[in-house]
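Presented below is the structure to which this report refers.
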Amino acid sequence: MKITAARVIVCAPGRNFVTLKIETDAGIHGIGDATVNGRELSVVSYLQDHVVPTLIGRDAHAIEDIWQMLYRGCYWRRGPITMAAIAAVDVALWDIKAKAAGMPLYQLLGGASRSRMLCYPHARGTDLPALLERVAALRGEGYRAIRLQCGIPGIGDSYGVKRQGPGLPEEQVWDIGKYMRFAPKMLQAVRDAVGEEVELLHDTHHRITPIDAARLAKEVEPVNLYWLEDLVPAENQEVYRLIRQHSVTRLALGEIFNSIHDCRELIQEQLIDFIRVTPVHAGGITQVRRIADFAALWQIRTACHGAGDMSPVTFGAALHFGRWVPNFGIQEFAGHPREAAEVFRCAWSYDGDGHLLSGEAPGHGVEIDEAAAERFPYRRSYLGNVRLEDGTAWNY
Ligand SMILES: [Mg+2]
């Protein structure tokens, strides 16, 4: 089965998505997600100008060989743009192989380890009462695990409270002290409101310092969080040793990693409990399954990144991966803009009881309507710029 064509489809049904469609001489096609939020067009060029010409005429079944060729052959290994491009090819080829087999993708990975995947949505509130109201609404929709993000008194905003619109980057203000005084009380207040049965998660989004991270993780131990996520940037992974020395709060990290080498130390030193890599940003199913197998040696569980910029296609891939992976933990499920449903047809679904279902369609079960995609042209958009109150540039 030869690859006869591959093209990149850029659309913005509520937000930008980059999709690669690969066609074969058997009449079977597959799609993969290549979206890198805020830098979308760089992956479009990487694919169109450099990758697609090398794919034509190759055996569509040779997933591993094509992965290795794209990874080794480019010489400039790793990096978010390269790995998102490789991921798009990889996921599209897995989609083709599973469709050719007439099987849902999870069957090719080794079959189902579970029937449904625990997921968590985001509860956002500009203040604590608004957050509690949102948590109650999500409980009413059946969710058993919920991520909590709340505006901080004196800042008026915080990570994950406001949605970013199109246009140039918005400036956001951040203050570590105000966050550190408020976050433990906010998390405890939600725990008091919902009781012990609900899994609660919180994302610091790389915005505090190592010693503050250690203090926060220690201070919130009584809340019994499912996890604290992205406490500090992980370029220097030694800082996670400091956090671990002070706390038994579960830690999650890795949504911006794109290589198994980005998490090798963290995993083999057991510095985290959940690895957050997802197919689109970590080289597709081919590499994510390797990372998961490696993490399983230390009983570290998976938790695929599932913010709104992971397209419905990545959810298809992640949910088939989640259906199979023995050390599954949880799947983030931030949801997509309403218009995305006009472009992407998905076999996966929410079961109304806190879990996602992969569906049983052959492949990963997600299709793109290219005519509908044309109705939603690309709009330049960015993540925000964060500054401390004195103007110092900080981590988004
Ligand atoms: Mg996150």
Side-chain angles (χ1 to χ4, degrees), residues 15 33 35-39 80 83-84 117-125 131 134-135 138 143 145-152 157-164 172 174 179 183 186-187 190 199-208 212-213 216-217 220 225-235 237 239-240 243 249-258 262-263 266-267 271-282 288 291 295 300-311 314-315 318 322 328-336 356 382-386 394-396:
R15 68 182 310 148
D33 176 23
T35 309
V36 173
N37 198 2
R39 296 293 184 272
M83 297 312 289
M117 281 61 72
L118 179 67
C119 69
Y120 69 92
H122 298 176
R124 303 179 175 89
L131 176 66
R134 187 67 194 131
V135 168
L138 289 169
Y143 291 103
I146 299 171
R147 191 186 82 155
L148 311 169
Q149 306 299 140
C150 190
I152 298 167
D157 193 9
S158 175
Y159 166 71
V161 175
K162 214 167 65 178
R163 287 187 198 272
Q164 173 86 29
Q172 300 172 6
W174 177 251
Y179 170 79
M186 177 270 288
L187 296 170
V190 178
E199 301 290 6
L200 300 177
L201 304 83
H202 179 61
D203 187 349
T204 305
H205 226 249
H206 306 132
R207 293 197 184 178
I208 57 177
D212 283 323
L216 179 67
V220 301
L225 291 174
Y226 192 79
W227 76 41
L228 272 178
E229 174 182 345
D230 287 348
L231 284 168
V232 294
E235 286 107 327
Q237 305 196 344
V239 298
Y240 272 81
I243 302 167
T249 295
R250 287 175 285 272
L251 302 177
L253 190 68
E255 67 185 38
I256 66 169
F257 293 170
N258 43 65
D262 293 334
C263 42
L266 290 164
I267 289 172
L271 299 179
I272 55 173
D273 303 282
F274 294 89
I275 181 69
R276 306 222 55 234
V277 290
T278 198
V280 58
H281 296 137
V288 167
I291 293 172
I300 292 167
R301 290 183 283 167
T302 67
C304 286
H305 188 204
D309 52 307
M310 305 315 107
S311 96
T314 278
F315 268 81
F328 175 83
I330 196 166
Q331 169 70 50
E332 184 178 25
F333 181 40
H336 296 108
L356 291 168
Y382 294 86
L383 296 167
N385 288 334
V386 177
W394 203 247
N395 312 320
Y396 176 75

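Every number for a ligand or one of its atoms is a count from 1 in the order of the listing.
Summary: OD2 is the N/O/S atom of Asp203 found nearest to the Mg ion (ligand 1). Closest to the Mg ion (ligand 1) among the N, O or S atoms of Glu255 is OE1. When you scan the N, O or S atoms of Glu229 for the one nearest the Mg ion (ligand 1), you land on OE2.
By the 4.5 Å heavy-atom criterion applied to side chains, Leu201 and Leu148 are not counted as neighbours.
At a cut-off of 2.8 Å, Glu332 is not counted among the residues with an N, O or S atom near the Mg ion (ligand 1).
When all heavy atoms of Asn395 and His206 are compared, the closest pair comes out as ND2-O, 2.6 Å. Of all the heavy atoms in Thr314 and Thr278, the pair that sits closest is CG2-OG1, 3.9 Å.
Residues His205 and Tyr396 bring their aromatic ring centres within 6.0 Å.
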